[in-house]
Amino acid sequence: MAISETPANAAVADSGEAAAKLSIEGVSKRFRMRKGRDIVAIEEASFSVEENEICILLGPSGCGKSTLLRMIAGLEMPTTGALRLDGAEISRPDRERGMVFQAYTSFDWLSVQGNVEYGMRINGVPREERRARAKKYIDLVHLDGFEDAYPSQLSGGMKQRVAIARTLANDPALLLMDEPFGALDAETRWHMQELLVSIAETANKTTVMVTHDIEEAIFLGDKIIFMSSHPGRVQRVITPEFKKGRRYKSKEAVLDLEGYSALEKEIMALMREQGGTDHNQ
Ligand code: ADP
Ligand code: MG
C-alpha cells in the first residue's frame, strides 16, 4: 500500500537506526494571542527527512505548513519538542538552512550575478570563488546569458530561478521552499518542477518544500508529509511507492506510471476530509 499510518512516535522509533538528516520530534507550536484563546498551529508533529531526500509538506490552507517550515529554518521556535539537523538542535536562523519564498525576493538593484553573489559576499567568500560558484548555480538554473540582467527585466519563473541559485550558492545543508512556484503560470510551473528534479540530482540537496498542489507533491516528493488542520498534525507519511525510489525528469513520465492516479485520488480524499482544497491564502 502506498500510504501508511504514521506511528505517533516515529522520531523515537527511528532513533535506533542511522540518524536522520533532519528530525522533527514531538513539535508543537502555539501562538499567544493578545485576547482570547491561543492558536495551536502545530500539535505533536514527528517525522524525519533523510539525506538528499525531497520531502513535501502538503495539506489544506492553515494546517501549519509555513509555520513548520519556518521552525525548520529557525525563524520560529517550537513551543514544545525539538527540531534537529544532523543531530544538533535548531535554535536560530543559519545559512546552512536556505529558504526560498513564494514572493520574489531578489534585490532589484542588483544584477542576476550580483544577487547570486550577494550572500557569499556577506559571508566573506573570496571574489574568485564567488564568481565560480555563482557561475555554477546560474548555469544550473539555466540563466547563463542573463548574468547582467536586473530582476525587473526577468519573467516570474526566471526570478524564482535567481532566488534558487542565490540560495544554493550559499551551499546550505538544507534547501527550504515555501510554495516557491505558487505565483507562476501552469506551464512555467511544471518546467520549474522538472528543473528542481535536476537540481536535486546535481546539487544533492536535502529539500523540504511546502505545497498545496497534489500533482506537484507526487511528482517531486520522495516523501510526502500530509498534514491535517486545526490543529496541524502529521496525518500521514506517504511514500509514493509506485515511483520505486526513482526520480523522473519529465512530468508526463510520472503521470503515465501505474499507481499515479490511485495515489492522487487517495490524497484528494484526504484533502476533502479536511474540509476542502487549499485556496492558497
Ligand atoms: P499554512 O502555511 O499551512 O497555510 P500557516 O503555518 O501559515 O498555515 O498557519 C497555521 C495557523 O497558524 C493558522 O491558523 C494561522 O492563522 C496561524 N498563524 C501562523 N502564523 C501566526 C502568527 N505569527 N501569529 C498568530 N497566528 C499565526
Ligand atoms: Mg503557508
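Counting convention: from 1, in listed order, for ligands and their atoms alike. The structure displayed is predicted, hence computed values, not measured ones. Note that the numbering runs from 1 along the sequence shown for the chain.
Listed by number with element, the atoms of ligand 1 under 4.0 angstrom from any heavy atom of Ala41 are 11 (C), 12 (O). Applying the 4.0 Å criterion to heavy atoms of Met33 picks out, from ligand 1, the atoms 25 (C), 26 (N). Close contacts of ligand 1 with Thr67, meaning ligand atoms under 4.0 Å from a residue heavy atom, involve 5 (P), 6 (O), 9 (O), 10 (C), 19 (C).
Leu154 and Tyr150 fall into different hydrophobic clusters, where Ile, Leu, Val, Met, Phe, Trp and Tyr residues are linked whenever their side-chain heavy atoms come under 4.5 Å apart, directly or through other members. Both Ile225 and Met99 are members of a single hydrophobic cluster when ILVMFWY side chains are connected at heavy-atom separations under 4.5 Å.
Here atom 8 (O) of ligand 1 lies nearest to Gly64 when heavy atoms of Pro60, Pro231, Gly64 are compared.
Among the atoms of Ser66, an N, O or S atom falls under 2.8 Å from the Mg ion (ligand 2).
Some N or O of Gly62 is nearer than 3.5 Å to an N or O of ligand 1, by distance alone. Checked against a 3.5 angstrom limit, the closest N/O atoms of Lys65 and ligand 1 fall inside it.
Side-chain atoms of Arg161 come within 3.5 Å of backbone N or O of Val141 as a donor-acceptor pair. Lys65 contributes a side-chain N or O that, together with a main-chain N or O of Pro60, makes up a donor-acceptor pair within less than 3.5 Å.
For the residue pair Glu25/Ser23, the side-chain donor-acceptor check at 3.5 Å is satisfied.
Residues satisfying the side chain to side chain donor-acceptor pair (under 3.5 Å) criterion with Asn52, sequence neighbours excluded, are absent altogether.
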